[in-house]
Novice: 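Pasting in a structure now, in structure tokens, and then I'll have a few things to ask.
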Amino acid sequence: QVQLEESGGGLVQTGGSLRLSCVASGRTFSDYPMDWFRQAPGKEREFVAAISRGGGVTSYRDSVKGRFTISRDNAKNTLFLQMNSLKAEDMAVYYCAAGRVGSLAYYSTRMGDMVYWGKGTLVTVSS
């Protein structure tokens with residue numbers, strides 16, 4: 001089992017920045033590729049960013065490329081999401097998730113491959 005707990009959400013103005021954190025406990029954090037997903041009110045949960053076990057390979061949804069950065073500190077069992085130039089459409093509950101993929105895959109962007117989820121942290125963007 002892996003327990004995940006997000007923090008860092010809050011209220012920010014359009015164009016502002018936030019840094020989300022996700023602390024893992026339980027099994028070895030570095031065994032898992034990690035993802036951030038988000039869910040806006042009335043919408044389906046969607047992929048935001050993914051990072052490989054070692055942190056060297058990342059992936060982003062197109063709408064956040066150049067604005068968001070995913071990173072991890074395996075020594076501290078922590079995943080991060082640096083969000084800059086926030087827009088109204090970024091407002092959502094953000095979830096971190098641990099994935100399970102084959103040994104040849106760096107990460108997955110599919111919800112079905114996520115085996116552990118945090119409870120989420122709310123990001124509110126005001127104009």
Novice: SG/Cys96 to CD1/Ile51 distance, rounded to the nearest 0.5 angstrom?
Specialist: 12.5 Å

Novice: Do Tyr95 and Leu122 belong to the same hydrophobic cluster, where Ile, Leu, Val, Met, Phe, Trp and Tyr are linked whenever their side-chain heavy atoms lie under 4.5 Å apart, directly or via other members?
Specialist: yes

Novice: Students often mix this up, so state it plainly: with edges at 30° and 60°, are the rings of Phe37 and Trp117 parallel, tilted or perpendicular?
Specialist: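 Judged by the thresholds at 30° and 60°, the geometry between Phe37 and Trp117 is tilted.
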
Novice: Give me the ring orientation class for Phe68 and Tyr94: parallel if the planes are under 30° apart, tilted from 30 to 60°, perpendicular past 60°.
Specialist: tilted

Novice: Mind listing the closest non-hydrogen atom pair of Val2 and Ala24 along with its distance?
Specialist: CG1-CB, 4.2 Å

Novice: Using side-chain heavy atoms (C-beta onward) and a distance below 4.5 Å, is Glu6 in contact with Leu20?
Specialist: no

Novice: So how far is it from Phe80 CZ to Thr69 OG1, rounded to the nearest 0.5 Å?
Specialist: 12.5 Å

Novice: Given 3.5 Å as the limit, does a donor-acceptor pair link the side chain of Glu5 with the main chain of Gly118, or not?
Specialist: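 No, Glu5 side chain to Gly118 backbone: no donor-acceptor pair under 3.5 Å.
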
Novice: Tyr116 and Trp36: same hydrophobic cluster, using ILVMFWY side-chain contacts below 4.5 Å?
Specialist: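 Cluster IDs for Tyr116 and Trp36 match.
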
Novice: Taking 4.0 angstrom as the limit, do Lys87 and Asp90 come out as a salt bridge?
Specialist: no

Novice: Which atom names give the shortest non-hydrogen contact between Ala92 and Ala40, and what distance separates them?
Specialist: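 Closest approach of Ala92 to Ala40, heavy atoms only: CB-N, 3.7 Å.
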
Novice: Quick one: CZ on Arg72 to SG on Cys22, what's the gap to the nearest 0.5 Å?
Specialist: 9.5 Å

Novice: Does any part of the side chain of Ser7, heavy atoms only, come nearer than 4.5 Å to the side chain of Thr121, both counted from C-beta?
Specialist: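 Not in contact.
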
Novice: For the residue pair Ser30 and Asn74, what are the closest heavy atoms and their distance?
Specialist: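 Heavy-atom minimum between the residues: CB-ND2, 3.5 Å.
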
Novice: If Ile, Leu, Val, Met, Phe, Trp and Tyr residues are connected whenever their side-chain heavy atoms lie under 4.5 Å apart, and connections chain through other members, are Leu4 and Ile70 in the same group?
Specialist: yes

Novice: Any heavy-atom pair between the side chains of Asp113 and Asp35 that's under 4.5 Å?
Specialist: no

Novice: Please confirm whether the backbone N or O of Ser126 pairs with a side-chain atom of Thr14, one donor and one acceptor, at under 3.5 Å?
Specialist: yes

Novice: Taking Ser52 for the side chain and Tyr106 for the main chain, is one N or O donor matched with an acceptor at less than 3.5 Å?
Specialist: no

Novice: Nearest 0.5 Å please: distance from the CZ atom of Arg53 over to the CE atom of Met34.
Specialist: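 CE of Met34 is found 12.0 Å from CZ of Arg53.
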
Novice: Quick one: are Met111 and Phe47 in side-chain contact, heavy atoms under 4.5 Å?
Specialist: no

Novice: Is it true that, when you exclude Gln13 itself, more than 12 heavy atoms of the residues, nucleotides or ligands shown sit nearer than 6.0 Å to its CD?
Specialist: no

Novice: Look up atom CD in Gln39 and atom CD in Glu44, then write down how far apart they are to the nearest 0.5 Å.
Specialist: 8.5 Å

Novice: Can you give me the closest heavy-atom contact between Tyr60 and Lys65, atom names plus distance?
Specialist: O-CE, 3.3 Å

Novice: Heavy atoms only: give me the nearest Pro33-Asp31 pair and the separation to one decimal.
Specialist: CD-O, 4.0 Å

Novice: If you define the side chain from C-beta out and look only at heavy atoms, does anything of Leu79 sit under 4.5 Å from Phe29?
Specialist: yes

Novice: Would you say the side chain of Val64 lies within less than 4.5 Å of the side chain of Arg38, judging by non-hydrogen atoms?
Specialist: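 Counting from C-beta outward, Arg38 and Val64 do come under 4.5 Å.
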
Novice: Quick check for you: to the nearest 0.5 Å, what is the distance between Ser21 atom OG and Leu81 atom CG?
Specialist: 9.5 Å

Novice: List the residues meeting salt bridge (charged side-chain N to carboxylate O under 4.0 Å, His left out) with Arg61, not counting sequence neighbours, and say none if there are none.
Specialist: Glu46

Novice: Minimum heavy-atom separation for Ala50 to Ser108, with atom names?
Specialist: CB-O, 3.9 Å

Novice: More than 12 foreign heavy atoms under 6.0 Å from CD of Gln82: is that the case here?
Specialist: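 It does: Gln82 CD has more than 12 such atoms within range.
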
